[in-house]
Each structure stands twice: as C-alpha cells, then as structure tokens.
Trainee: 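Here it is: the structure, laid out below.
In what follows, every chain begins at residue 1, and chains take the letters A, B, ... in the order their sequences are listed. Only this structure's heavy atoms are used, side chains among them; waters, hydrogens and symmetry mates stay out.
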2 protein chains.
Amino acid sequence: MHATMPTTKKTSAAAGKPRTAADALDRFDFQSDSLGYALRRAQVRAYGLFFEMLGALELSPARLTALSTIAMETDINQATLARRLNIAGPSALKLIDALEDAGFIRRKDVANDRRSYSLALTAPGKAMLDTLRANLAAYEARLASRLTAAEREQLLALLSRVAS
Amino acid sequence: MHATMPTTKKTSAAAGKPRTAADALDRFDFQSDSLGYALRRAQVRAYGLFFEMLGALELSPARLTALSTIAMETDINQATLARRLNIAGPSALKLIDALEDAGFIRRKDVANDRRSYSLALTAPGKAMLDTLRANLAAYEARLASRLTAAEREQLLALLSRVAS
DNA sequence: TATTGTTATACTCTATAACTATA
DNA sequence: TATAGTTATAGAGTATAACAATA
C-alpha cells in the first residue's frame, strides 16, 4: 500500500512525503477504536519519519530495497533480483537503471553466461548504505521516543503476533 | 506509500492485492529488530486482510474513504471533500465520478450557488456502507485473532503513542 | 525450448496548469 | 478577483507482451 518517492528534481513533490487519498483513511469513522486504524496511523507516522530520513538521498523506498538486496546478495543478476523483490522484470530493470545512473551499483559481464549481468555495489553505493545505517538508527530512536525500552519490547512482541 | 486497487475488470490484477517493490522492504536487513520493520510487517498483514475484505466490492481504499467522508458530511461539495481528503481537486473529481458511476452517491444542484454541487449517498451507497460495517467487524476479529482482549487494548495504547 | 535482458505499450493513481461559469 | 468544477496534460510506478541474443 505504499506510495512512492519521486526522485526527479522537476517534480514539486520531490521534497515532500507522497500523499494518496487512502492516507485519509482516518476519516473512516467506523474504524475508530479499531486495531486496523491504530496500525495504520502508527505506520503513517513511521513512514513519514522514514521518508524524512531518506531526505535528499537519491533513493526511493523501492530503490533502497533493491540496493540493500544487491548488497546482501552480491553478483545477483536482474532476473533473480526481480524474483527476490517479487516484481516484474521490466520493473526491476528500471530500478537497476536508476541505481546505476546514480552510481550506486554497476553491471558486470558474467564469464559463463553472456546473456546476464552480475550486479554489485560501487564504492559510493557502499557509502550510501553506511549513511543509511546511521540514519536508520536515528529514525528508530525518534519512532520509539515516547516509549520506554520495556514498552518498546512489548510492542515489538505484540506486533509480531499480529503480523502472524 | 500506498498502492492502489484496480477496479476495472480489464486488468488481470483486479482480483489480487496490489504489489509494489517497496512491499519487499522486508529484505532491508538492517531493519531487522526495528520498530519500523515490525510496524510495517503488521500493517502489511492488516492491509492484506483489509483488501481481502473489500473483495469484489466496487471500491478502492481511496473511494471507500471518499464514500465514508460523504456519509459523515452530507451535502459536502467537491472542493471541501478535496480539502478533507487532502488531495487535489481533479483527484477528488475522479473519485466522485467513480462513486457516482457506481451508483453510490449523486450530485445535487445547490440552491444559492450554481457553481457547486452537493454530494450525498444514494440508497445503494448507504447499503454499501452497511455491508462494509459488517465486513469490518469480521476483519477486526481476524486481525486480532492471536491476541487476548487485554493484549489488544495494550497494543492499541502503545500504537497510539507511537502515532503521536 | 527456455532464459536473460530489453523495448514497447498500457494502465492506475496522482499532480499542476489552465479553462468556464459563476460569485 | 476569487471560487467550484472541469479538462488537458504529465509523471511515477506498475504490469504484460513481444523481441533478440544466448543457453
């Protein structure tokens, strides 16, 4: 259910958090006092902070996911990446193109199979991930700032049971 | 971050839950044991159940929100609806057109201002909301099925503090 | 035949700009 | 001038279909 982050500078929305009409699900009055409603509101705040944390980085959530997947599975090819992300091939291609254009990854020829490329992080890509790790720590702290450590653990446990 | 629900019958995805690359945010390994990650996973399940509940109804989350807003604020006009939903005028227009085409609402002329229409639910629209209320109760029960009543209350309280 | 990467195309949702008719 | 509704257009994201090169 996620919106997307425009990374082109031309769009005036590039600086802000994406909005959808569904964001106003708050107005769904018979959802008051519902768990779905509470989850949504908390997640809206989490996503807002997450997006803010992403800030001016040349990344959208989707590209961030692709980048971290490539980091975890070095020399992955495009078809495998698409399967990992559960998206269509052409969609993966666009993410890869964007990450390559941004200089975070590069395509390398594969020795035994001239059809496929192997994807790997560049030095700037690794630096970006390091930056993200630091930013994420701050994000987590902000998100849980109104909870004690014990309450945070409690919440994590309850959420994991809801998530199934 | 939100995906959308196709309601046209032409799309093969019309029957399924929408997918985005950001859905695979799970792969973001340095989000493990994070509150943001736990929130997202729980919300993904909630949204999945929610979407399943919506089922074959001629509604998307956005249209559902617009419908319930009109129900709560009878004779609202388009510009006000757009402000309530925090969306642009033309976006509201499309929602309204869709809801009117589906027969759930109707535009009525306003006495003192010939520029604006007043929006109100039709009988089928009210019936749809009644159906939704029933379906939502079942949805809530499924979502909290792994929690006791006390745990559910605890979770609601913690979530409301995270939501700020 | 099957797979990898790619291009072409289409669809949904959203937004901004500009128009019209009223106020 | 300002506002309500509308139209036109554009952009981000997604998907499917079809293709060339290679396996």
Trainee: Which pair of heavy atoms, one from B/E140 and one from A/L35, lies closest together, and at what distance?
Mentor: OE1-N, 2.9 Å
Trainee: Within this structure, what is the CG-to-C1' distance between A/D97 and D/dA12, rounded to whole angstrom?
Mentor: 15 Å
Trainee: With a 3.5 Å distance limit and no angle check, can you tell me whether B/E151 reaches the backbone of B/T148 through a side-chain donor-acceptor pair?
Mentor: yes
Trainee: From the list D/dT14, C/dA21, D/dA21, which nucleotide is the closest neighbour of the side chain of B/R115?
Mentor: C/dA21
Trainee: Just the rounded figure in Å: distance from P of C/dC19 to CG of B/L93.
Mentor: 18 Å
Trainee: In whole angstroms, how far is the P atom of D/dA4 from the NZ atom of B/K108?
Mentor: 18 Å
Trainee: Regarding B/E100 and B/R106, does a basic nitrogen lie under 4.0 Å from an acidic carboxylate oxygen?
Mentor: no
Trainee: State plainly whether one hydrophobic cluster holds both A/L49 and A/L54, where clusters connect Ile, Leu, Val, Met, Phe, Trp and Tyr through side-chain heavy atoms under 4.5 angstrom apart.
Mentor: yes
Trainee: Give A/A88 one of three labels, base, sugar-phosphate or nothing, depending on what nucleic acid heavy atoms sit under 4.0 Å from its own.
Mentor: base
Trainee: Rounded to the nearest angstrom, tell me the gap between atom NZ in A/K94 and atom C1' in C/dG5.
Mentor: 15 Å
Trainee: Whole angstroms only, please: what is the CD-P distance between B/E100 and D/dT6?
Mentor: 9 Å
Trainee: Quick check: on DNA chain D, is the nucleotide nearest A/P90 upstream (toward 5') of the one nearest B/S116, or the reverse? Name the residue that is more 5'.
Mentor: B/S116
Trainee: What is the distance from CG of B/L95 to P of C/dT12, rounded to the nearest Å?
Mentor: 14 Å
Trainee: What is the distance, to the nearest angstrom, from the CG atom on A/D113 to the C1' atom on C/dT4?
Mentor: 7 Å
Trainee: D/dG5, C/dA15, C/dT4: which one has an atom nearest the side-chain heavy atoms of B/I87?
Mentor: C/dA15
Trainee: Does the base of C/dT22 carry an N or O that pairs as donor and acceptor with the side chain of B/R114 under 3.5 Å?
Mentor: no
Trainee: To the nearest Å, how far apart are A/R63 CZ and D/dT14 P?
Mentor: 9 Å
Trainee: Using a strict 4.0 Å threshold on nitrogen-to-oxygen distance, state whether B/R107 and B/D97 make a salt bridge.
Mentor: yes
Trainee: Please confirm whether the shortest side-chain N or O distance from A/S91 to OP1 or OP2 of D/dT14 is below 4.0 Å.
Mentor: no
Trainee: Would you indicate, yes or no, if C/dT6 has its OP1 or OP2 atom less than 4.0 angstrom from a side-chain nitrogen or oxygen of A/R107?
Mentor: yes
